K.L.:
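I have a structure here, written as structure tokens, and I will follow up with some questions on it.
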Amino acid sequence: MLNTPETSDKSRNARLEARVSSDQKDFFQRAAKLTGRTLSELVIESTQEAATRIVQEHEVIRLSREEQITFVSALLAPSEPGMRIRKAVRSYRQKTGL
């Protein structure tokens, strides 16, 4: 589960401002009124939902069942390193004295 900032438990001491057209503001106020919220509540809740969705899309990896099986199989039984990897390890060890 992703960590998302909670707005109800923390003091609100930061300010966020945005310039919008009069039509946009009227539309947002209409939506807020229809949902029984203030304009600020609507904007904050909507922005929080959008930000959560965006972060999840960028940080959560979703795999099909077949991809999950392939991934876990590779972790449990990794293939032997190829010639280039073995050569790189030897070179690294020679250079570092390990």
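This one's a predicted model, so the numbers in the text were calculated from it and none came from an experiment. For the numbers below, each heavy atom of this structure counts, side chains included, while hydrogens, waters and symmetry mates do not.
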K.L.:
Could Glu17 and Arg15 be called an ion pair, given the rule that one side-chain N must be under 4.0 Å from one carboxylate O?
P.N.:
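Yes.
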K.L.:
Of the non-hydrogen atoms in Phe71 and Leu63, which two are nearest, and what is the gap between them?
P.N.:
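Reported closest heavy-atom pair: CB-CD1, 4.3 Å.
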K.L.:
Do Gln48 side-chain atoms and Glu45 backbone N/O form a donor-acceptor pair below 3.5 Å?
P.N.:
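No, Gln48 side chain to Glu45 backbone: no donor-acceptor pair under 3.5 Å.
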K.L.:
Ile61 and Ile69: same hydrophobic cluster, using ILVMFWY side-chain contacts below 4.5 Å?
P.N.:
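Cluster IDs for Ile61 and Ile69 differ.
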K.L.:
With a 4.5 Å heavy-atom cut-off, do Glu67 and Thr70 have their side chains touching?
P.N.:
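In short, these two side chains do not touch, never coming nearer than 4.5 Å.
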K.L.:
Return yes if a side-chain donor-acceptor contact under 3.5 Å exists between Glu49 and Ser46, otherwise no.
P.N.:
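Their side chains do not contain a donor-acceptor pair, so the 3.5 Å distance test is not met.
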K.L.:
Could you tell me the separation between the NE2 atom of His58 and the CD atom of Gln56, rounded to the nearest 0.5 Å?
P.N.:
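If I round to the nearest 0.5 Å, the distance is 12.0 Å.
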K.L.:
Rounded to the nearest 0.5 Å, how far apart are OG1 of Thr52 and CD of Glu57?
P.N.:
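That separation rounds to 11.0 Å.
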K.L.:
State, yes or no, whether a side-chain contact exists between Arg12 and Ile44 at a heavy-atom distance under 4.5 Å.
P.N.:
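Side chain of Arg12 against side chain of Ile44, heavy atoms only: contact under 4.5 Å found.
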K.L.:
Rounded to the nearest 0.5 Å, how far does CD of Gln29 lie from CG of Leu39?
P.N.:
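That separation rounds to 5.5 Å.
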K.L.:
Name the atoms and distances for all side-chain donor-acceptor pairs under 3.5 Å in residues 84-98, with sequence neighbours left out.
P.N.:
| from | atom 1 | to | atom 2 | distance (Å) |
| --- | --- | --- | --- | --- |
| Arg86 | NH1 | Pro81 | O | 2.8 |
| Thr96 | OG1 | Tyr92 | O | 2.8 |

K.L.:
If every non-hydrogen atom of Ala32 is compared with every non-hydrogen atom of Leu42, which pair is closest and at what distance?
P.N.:
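Smallest heavy-atom distance, with atoms named: N-CD2, 3.7 Å.
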